[in-house]
Colleague: 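Below you will find the structure I want to go over with you.
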Amino acid sequence: MQYPTVPNRRRLLKTTAVGFGHLAFTAMLGQQAQAEGRDGVDSGIVSDAQSNPLTAKVPHLPARCKRIVFLFMKGGPSHVDTFDPKPMLDRDHGKPLPFDLPRVTFAKQGNLLKSPWQFSRHGESGLPVSELFPEVAKHIDDLCILRSVHGTNPAHGGALLKLHTGSDQFVRPSLGSWVTYGLGTENENLPAFVTICPTLAHGGVNNWGAAFLPAYCQGTPIGNASMPARSVQVRHIRNRRIDTQLQRQQLDLISAMNHDHLREMDGDQTLDGRLHSYELAYRMQASMPEIQDLERETAVTQRMYGIDNPVTEDFGRQCLMARRFLERGVRFVQVTHSDSEVQWDQHSNLYQGHTKNAAEVDLPIAGFLSDLKARGLLRDTLVIWGGEFGRTPTAQGNNGRDHNPHGFTMWMAGGGVQGGMAYGATDDYGYYAAVNKMHVHDLHATILHLLGLNHERLTYRYAGRDFRLTDVAGQVAKGILA
Amino acid sequence: MPRLTTCLICLYLIAGISIVTAEIPVADQEFFEKSVRPILAEHCQECHQADEISGGLRLDSKTGWMSGGDSGPAIVPGDPDASRLMAAVSYDDRDLQMPPRNKLADNQIAVLRAWILRGAPDPRVQTPQDAKGIIEASPGMSIQAGKSFWSMRPIGSPEPPRVSNSDWVQTPIDAFILAKLESQGLRPAPPADRRTLIRRITYDLTGLSPTQQEIDDFVADESPQAIQRVVERLLASPRYGVRWGRHWLDVARYADSNGLDENLAFGNAWRYRDYVVNAFNDDKPFDRFLVEQIAGDLLPDATNETKTATGFLVLGAKVLAEPDREKLEMDTIDEQIDVTGKVFLGMTLGCVRCHDHKFDPVKQTDYYALAAIFKSTRTFAESRTGAIKHWHEHVFADQHEVDAIASIDKLISQRKSAAASYKSQAISKLRQRTRAQAVEYLVAAAAFTPSATLNEITAIAEPSQLHPRVLHQCRLYLQHHPNEPFFAHWHQSTRAATKPEQAQAAIEQHYRPILKRLLEQRQKNPTARRLDDPELEAVRAIIDDNTGLLAVPAKPEYAFDAETLAEYDRLMEVARLFESDAGDLTAAMGVSDQAIVNQLAIHIRGSHLNLGEPVSRAFPEVMRFSPVPPIFPTHQSGRLELAHWMADSRHPLTARVYVNRLWRWHFGEGIVRTTENFGALGDRPSHPDLLDWLTRYFIASGWSTKEIHRMILASNTYQMASRHENPQRELAVDPDNRMWWKFRNERLQPEAIRDSILALSGQLDEAIGGKTVPLRNRQFVFNHTSVDHTKYDSVRRAIYLPVIRNNLYTFFAQYDYPDPTMPTGDRSATVVAPQALWMMNSDLVMDASERFADRLLEAASSDASRIESAYVQALGRTPTEAEKRRALSFIDQWSAVGRSDAATVDKSTTRRAWSLFCQSLMASNEFIYVK
């Protein structure tokens, strides 16, 4: 005899997200979560199909964007050489910084070092961009340049963790995981959060991990920074020994075994979930390679992303893959520019390193923005560009710059932010954020706000405490909202 | 400014509750209203008022700034230089800047200064309504209330209750469980069948399935001692420590690498792991186990073993490259207090770093009293790798070994420098070549625009034997340096020419003689660093700039030809492998004492830059069971006293928390479900009397873990089936099964899944202990290259696979292996699709399936008996007739798939059919769930 299966929503929410998507457990689950004083109580966000944690959810506030792509420049691009020109730095080149250095600095610092690049004004907004980014500059009227971002940690690891998780002390859920937790996904056959070629150093997995959030919130890595984007894949996405037709028959056998077992176990939901997870995995095996197959794009599109040029090919592929994921409803995509030797970390050889790095990403980013715009995706996709910190206006050695978390530039485009705008400012030399300062917590609060999430209400109870991405800080930068 | 106006109106409304008093001179009052109040309202009060009170400070009333915030009064009337408010708004101190996002205008700062000079006249008197905000803001449970909170009360001595169905009671546990069930009119499930029971017990105690023989013996043993015999056999097996030690490693956040910011290998962590496995196998009394882990180095009878135990305090993930030494020290202490609190006391003490606990009766004074103890504890070593600090280790090596290791270190650095010098030689050869071809580069660069693709550039570069990437860089450099005099002719020529060839000819003509002269000068005096001719010297500087016009790519893949690159990679790999395999100094991670501090100042808001009152070493007040305060030795940190205090039978939490953990690990859910939180926000015990009874029994048995196993495993509660014959009332009253009316289905942990798969394939290596992380101590697991060298292909028991923070074994991570940076006593069991992908497509599962199939094909003679044997081995039972038929038809169908001619069936096809069948068994729910 079969007995009615009884819902235990909290437990299921916490434990079962079959697939990157999730099963419709609607029949089994009828109640809202109740504050039970236990871990895993959710955040007051209403899920429209109450059953499925990954089903798209109604946000707290009217959303200005639906999805996010973060173009992460690992190593820390220099703001005073890209989007934050400093005439005083040119003027006082070679002189000492006329005010105090931070209490803690990473390495010994020299005198002021002017930028080796010229800035010129672009677009109707007339905002300055250096000659490192001639292609991105053409999109300046869509960019919101955040010139007053600052963090707390001057080392790569700490700064990456802070930027990705809001904490440089403990392992905490990453931004993409919080977004997944808050909003679910729009495509149940794909992960909600994908990170393409992420770096395994400096926090590594923690930068896309779910920490104590439910497992379905964690980012799915596609390759890592040491692999060419051409070859990256989700792990175990393909069976290299048998073809899919034969595998189908094997799955039928497993399914038959599991159905017998399920009957014997009175229809236990978790077992049922696991049974279905094989079907989803099987479907995903088909869909992932299709999305990653960039040969399906026209030659024109491929050129737009620079895939025809070995210099831009790798990052171009990542960006194009990102667009294909975004189009199919993936909520959060991170693309990382980081190669095995030269990241944006020019402690020396600033000119050579930044020239190389910018040449690799400039055209792909511009192509990506054009493409998103042409497809009508830019309106509700928030594009974020930046590194874990900026660089010092003072020299390290004779031709490098050190880490600078005290004031640096990121930019946003699309998804509800004003274009052609420079928000905030650093001091005259670009060392410290000075006007409309935007701490990393503020950046996070603003990103969540754009998605329609209130950063103070997006909480998760763990070990007796309600955790937030922004901890006890964060303020939405209302000035940048369109 | 419409926004400002609205804002002001709002704030005036809020401020409207203040009462203006007549005592302030009119001029002062006007000054305040006109100049000061708008500044405070617009820039300060959003955070510093009744609803928010950031930093404990209110600026919406005079009382607010007079009493001040966490750091003391904000204003000293008449003395701006002594007023914290002025220090904050002046932005002089980088760590104290207000308002946080924008500095006030200079005239606004001047107004505040003038106001304070006037004596800070402020008409805003606090109303009772305002004052309420302050009282409410002081949170948490009082110590007095805390002492009567359930988990802080002394352990009770409850008697097992009387029940009506007394036949069901095999142990006192059953009496507690049944009494509660009966009180609700619920009935326990029937006993599990023998096959289910031995599979359950064997997985529970060893993490492996019983053998066919063991199952048969147990099924045949009808004596009342049958279960006891099985339990004793398993408890005596070394497999027991492998399984239960792993539980402890979950809460001890064990890992073989640091993995927070920088991922250096904990090459000696394995000694702590082995210590834990041994402790469980030896049934080390838990009170002793605790003392060794917290203070094993300070015991009068300290040994290498007890020192190794203190690895517990060092295993945390640390921000090793944190340049702020003080912050790092306090962060590390915080981690130690947090972990000690969660693991042993079920208390979230980490919350108290910044403020009194919001919910639990723990105050900041308690936290810093503990922090003072840890402050005197050494967690870091003197050595470092560049900016990356090392953790402390107890060195057990003698001088002979120290010397031997030093010479190995030398060999490692020799190999590393061999690779590095090969690289730099190759680079400098390449540089010489490009510099000699400077004219050719300048000429070729005129043939394309900066936006040309590398393919186009390559087509131009190769005929002239130029390096395409250097040529690309050269072209960008010219573009970025339009005003460099030396390039003036180049730019002129390219602008003037109508065809590239014209420009190229002009460039050739202009630059060839200059660079020829440069070459001659150099040949004349090859060792000279500078040339005497100033004009030529300027040219030389441009040509020789390593990162300029002719810069060679920094990345070897871009700089070198295939052959050079291969040699460089080979040398790098030689160095890495040599280092990975090199021996380590015999040492164990652990703490020792350092300079003793008796007191530590409270860190206001947790900041080491804002210190408050000092507190002396002490134990958290609410848990003190003796009115006599302890006296701490002046020559030791006090960890030993802390450890003994925690391990005291009178401590209300320690034994309760541990016994609850044991219950959780047997039953899949704790009596208190929040195993790390016995505080106000934690769960309440489902059976408080049972928990106290077991705790008392545990202490009385000499803190013996194995005694608790015996007690639990002998109970009917444990031996129930996971299926109730008619649970209608049970499901209605207790859908979560909190009252234990049946046994929970449990998914195996990933270790057990993997070990069982390897066992079926005949590959599992059951060796115990030893170093297994394939890295040298403090070697980088990952550096900036992200190349993943982590291998999980060992066939040892899963506990011996490396635990690499940041890069956990994918399979484990998918199956809810705990995050090894935080204590986890309650692993979850999620279901996500990647788990299925791993079962379907991973080499480990497919290889194991093939081996399992081979074993079946060799051992049995008929397909029917093979299928039977496969079921027994994998699932611990024989297949039904229907299952046999289904399996046979699968095999037949599969064997047919590969053949074009029905007459012959390829042997490898048959093997593959069996292998897929075996894989299906491993992938089935029955295999990975224990009833």
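Each chain gets a letter, A, B and so on, in the order its sequence line appears, and its residues count up from 1. Computed from heavy atoms alone, side chains included, the values below leave out hydrogens, waters and symmetry copies.
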Colleague: Do Q352(A) side-chain atoms and V552(B) backbone N/O form a donor-acceptor pair below 3.5 Å?
Modeller: yes
Colleague: Is it true that a side-chain atom of Y278(A) and a backbone atom of A923(B) form a donor plus acceptor pair closer than 3.5 Å?
Modeller: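 Between the backbone of A923(B) and the side chain of Y278(A) there is a qualifying donor-acceptor contact (under 3.5 Å).
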Colleague: Do Q249(A) and Q893(B) have a side chain donor and acceptor closer than 3.5 Å?
Modeller: yes
Colleague: Do R235(A) and L837(B) have side chains that approach each other closer than 4.5 Å (heavy atoms only, starting at C-beta)?
Modeller: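 Of all side-chain heavy-atom pairs linking L837(B) with R235(A), none is under 4.5 Å.
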Colleague: Checking side-chain contact (heavy atoms from CB on, under 4.5 Å) for the pair R274(A)/I928(B): CA distance, chi angles, key distance, verdict?
Modeller: CA-CA 11 Å; R274(A) 189 161 182 277; I928(B) 73 162; 3.1 Å; yes
Colleague: Under the side chain to side chain donor-acceptor pair (under 3.5 Å) rule, collect the residues that match up with W838(B), sequence neighbours excluded.
Modeller: none
Colleague: Counting only N and O atoms by type, is there a donor-acceptor contact under 3.5 Å from the side chain of N841(B) to the main-chain atoms of H236(A)?
Modeller: yes
Colleague: Does N455(B) use its side chain to pair, donor to acceptor, with the backbone of N309(A) at less than 3.5 Å?
Modeller: no
Colleague: R101(B): which residues meet the side chain to side chain donor-acceptor pair (under 3.5 Å) condition with it, sequence neighbours left out?
Modeller: D442(A), Q475(A)
Colleague: Less than 4.5 Å apart, side chain to side chain, heavy atoms only: is that true for M846(B) and N239(A)?
Modeller: yes
Colleague: Heavy-atom distance under 4.5 Å between the side chains of Q250(A) and F917(B), does that happen here?
Modeller: no
Colleague: Examine whether an atom of A887(B) lies under 4.5 Å from a heavy atom of chain A, and if so say whether it belongs to the side chain, the backbone or both; otherwise answer neither.
Modeller: neither
Colleague: What closest approach, in Å, do S924(B) and M257(A) show between heavy atoms, and which atom pair accounts for it?
Modeller: CB-SD, 4.1 Å
Colleague: Need one label for S722(B): side chain, backbone, both or neither, based on atoms under 4.5 Å from any heavy atom in chain A.
Modeller: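 Only the side chain of S722(B) comes within 4.5 Å of chain A.
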Colleague: State yes or no: are the ring centers of F927(B) and H261(A) separated by less than 6.0 Å?
Modeller: no
Colleague: Taking the side chain as C-beta and beyond, is there a heavy-atom pair between D260(A) and R886(B) under 4.5 Å?
Modeller: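 Yes, close enough: below the 4.5 Å cut-off.
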Colleague: Just do the salt bridge (Lys or Arg N to Asp or Glu O under 4.0 Å) check on R241(A) and D843(B) with the steps written out, would you?
Modeller: CA-CA 10 Å; R241(A) 304 189 193 181; D843(B) 285 334; 3.1 Å; yes
Colleague: Which atoms of Y815(B) are under 4.5 Å from chain A, going by heavy atoms: the side chain, the backbone, both sets, or neither?
Modeller: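 Side chain of Y815(B) only, per the 4.5 Å heavy-atom cut-off to chain A.
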Colleague: Which bit of P468(B) comes within less than 4.5 Å of chain A, counting heavy atoms only: side chain, backbone, both or neither?
Modeller: neither
Colleague: Hey, mind stepping through D427(A) and K103(B) against salt bridge (Lys or Arg N to Asp or Glu O under 4.0 Å) and telling me if it holds?
Modeller: CA-CA 11 Å; D427(A) 60 53; K103(B) 189 183 176 186; over 6 Å; no
Colleague: Rounded to the nearest 0.5 Å, what's the gap from CG on N153(A) to CG on D261(B)? Could you check?
Modeller: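 The CG atom of N153(A) sits 7.5 Å away from the CG atom of D261(B).
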Colleague: Report yes if the side chains of N925(B) and M265(A) come closer than 4.5 Å at any heavy-atom pair, otherwise no.
Modeller: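 Counting from C-beta outward, N925(B) and M265(A) never come under 4.5 Å.
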